[in-house]
Amino acid sequence: MIKTRVTEMLGIEHPIIQGGMMAVGLAELAAAVSNAGGLGILTALTQPTPEDLRREIARCREMTDNPFGVNLTLLPTINPVPYDEYVQVIIDEGITVVETAGRSPEQYMEAFNNAGVKVIHKCTSVRHALKAEAIGCAAASVDGFECAGHPGEDDVPNLVLLPCAVSRLRIPVIASGGIGDGRGLAAALALGAEGVNMGTRFVATREAPVHHNVKQMMVESSELDTALIFRTLRNTARIYKNSIAKEVLSIEGKPGDTDFSELQPLVAGARGRERVLEQGDTDDGVWTAGLVMGLIDDIPSCAELVSRIVAEAEDIIENRLQSMLQRA
């Protein structure tokens, strides 16, 4: 087995984490990943209220005895989010691992640390990872330009971003973005990471709570089938390249400043969740997807996927790389 500081710190068998994903990070997926030996993650803000999160945590505990975590994404919203209450539920329910994203979690670090909660902060740059370390985060999940969702504005892929982060940080680094098989896990470990975070790849599993059409579209798509929207707003997001994405890009391509009100009906989260993830119309809403789609060619169970990735990585490390060494 592959043992790292991440597996030891999180109490998991394999250095594989399922990243938090809106409308996808539910108990079915999180429990399946944890049962497979990785770390499943519930997405707090997928739940309408803190009490709904409490119930989802209880539901996940009915499905797995293994550790799982909660993602808490800190972003400005039109309607205020009761973040303090979500944090309190996480602490009250004895969750030991929290994945934070978006804004710095600094204001909640004292509460989390006092409760023994290990915070993994998702970062898109070395400077943000250093800040995460400085405020007491247990690990930094470094998102390369390949990732789904928000890759930041620096456009640095993981082949460079990971070793840059590892060379500057003392806390463990987790590779996020572009990981979908054992080659990616072995490469991330070689670059200095001590675990990997996968989002898009876990969507294309049998337990992921999304319509089969979405999963099949990922199998049929390639690394060329994503689009970067909101670049004009400096809030870049990588999504699936469908007709909605092309319409957004057309609006952003107009001369002058982008008027978000023109985009809002197209990119509304409720539209993507209902029409794409639930109803299966992959062309009628925004849905996030990473470049790793180019590596997806089946829809396995989480157990099959995790065991396959680990076995492939172990074979690469033990056999393929070892065979390249020529000793005098």
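- In this structure, Glu207 contributes its side chain and Ser301 its backbone to no donor-acceptor pair below 3.5 Å.
- Within a 6.0 Å radius of CZ in Arg320, no more than 12 heavy atoms belonging to other residues, nucleotides or ligands are found.
- For the side-chain contact (heavy atoms from CB on, under 4.5 Å) criterion with His150, the lone passing option out of Asn235, Thr288, Thr236, Asp143 is Asn235.
- The backbone N or O of Lys246 sits nowhere less than 3.5 Å from a side-chain atom of Ser250 that would complete a donor-acceptor pair.
- Arg201 has a carboxylate O that lies under 4.0 Å from a charged side-chain N of Asp298, or vice versa, which qualifies the two as a salt bridge.
- In this structure a side-chain-to-backbone donor-acceptor pair under 3.5 Å is present from Asp283 to Ser243.
- Panel note: side chain Thr100, backbone Leu72; no donor-acceptor pair is recorded below 3.5 Å.
- Hydrophobic clustering of Ile, Leu, Val, Met, Phe, Trp and Tyr side chains at less than 4.5 Å, counting indirect connections, keeps Met293 apart from Ile244.
- The structure places CG of Asn242 at 10.0 Å from CD of Glu247, a figure rounded to the nearest 0.5 Å.
- By the 4.0 Å N-to-carboxylate-O rule, Arg127 lies close enough to Asp154 to be salt-bridged with it.
- No more than 12 heavy atoms of other residues, nucleotides or ligands sit less than 6.0 Å from atom CD of Glu110.
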> Passes side-chain contact (heavy atoms from CB on, under 4.5 Å), Val306 versus Phe202? Steps please.
Replying inline: CA-CA 10 Å; Val306 170; Phe202 275 124; 4.0 Å; yes
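- Atom-to-atom distance recorded for Glu220:CD and Gln216:CD is 4.5 Å, nearest 0.5 angstrom.
- Under a 4.0 Å N-O distance rule, the pair Arg59/Glu62 does not qualify as a salt bridge.
- For Thr64 and Asn35, the side-chain atoms include at least one donor-acceptor pair closer than 3.5 Å.
- Looking at Arg170 and Glu133, a side-chain N of the basic residue comes within less than 4.0 Å of a carboxylate O on the acidic one, giving a salt bridge.
- Under the 4.0 Å criterion applied to side-chain N and carboxylate O atoms, Arg54 and Glu51 are assigned as salt-bridge partners.
- A side-chain N or O of Glu99 and one of Asn197 form a donor-acceptor pair less than 3.5 Å apart.
- Not a single donor-acceptor pair under 3.5 Å links the side chain of Thr7 to the backbone N or O of Pro15.
- Trp287 places no side-chain N or O within 3.5 Å of a backbone atom of Leu277 that could act as its donor or acceptor partner.
- Judged by distance alone, the side chain of Asp181 and the main-chain N or O of Gly184 form a donor-acceptor pair under 3.5 Å.
- A single hydrophobic cluster is not seen to contain both Ile251 and Leu228; linkage of ILVMFWY side chains at heavy-atom distances under 4.5 Å, directly or through other members, places them apart.
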> Can Arg271 and Asp284 be said to form a salt bridge (charged side-chain N to carboxylate O under 4.0 Å, His left out), step by step?
Replying inline: CA-CA 8 Å; Arg271 175 175 179 166; Asp284 196 21; 2.7 Å; yes
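- Using a 30° and 60° split on the angle between ring planes, Tyr108 and Tyr83 fall in the tilted class, from 30° to 60°.
- Of the possible polar contacts, one joining the Lys215 side chain to the Ala208 backbone as a donor-acceptor pair under 3.5 Å is found.
- The closest donor-acceptor contact from the side chain of Arg183 to the backbone of Ile316 lies at 3.5 Å or more, if one exists at all.
- Expressed to the nearest 0.5 Å, how far CD1 of Ile12 lies from OG1 of Thr4 amounts to 7.5 Å.
- Sparse packing is recorded around CZ of Arg168, with 12 or fewer heavy atoms of other residues, nucleotides or ligands lying under 6.0 Å away.
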> Are Thr73 and Lys122 close enough, and set up right, to give a side-chain contact (heavy atoms from CB on, under 4.5 Å), and what steps lead you there?
Replying inline: CA-CA 9 Å; Thr73 299; Lys122 296 193 79 171; over 6 Å; no
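- A donor-acceptor pair is defined here as one N or O able to donate and one able to accept, closer than 3.5 Å; such a pair exists between the side chain of Asn158 and the backbone of Ser176.
- Taking hydrophobic clusters as Ile, Leu, Val, Met, Phe, Trp and Tyr residues chained together by side-chain heavy-atom distances below 4.5 Å, Ile120 does not share a cluster with Met21.
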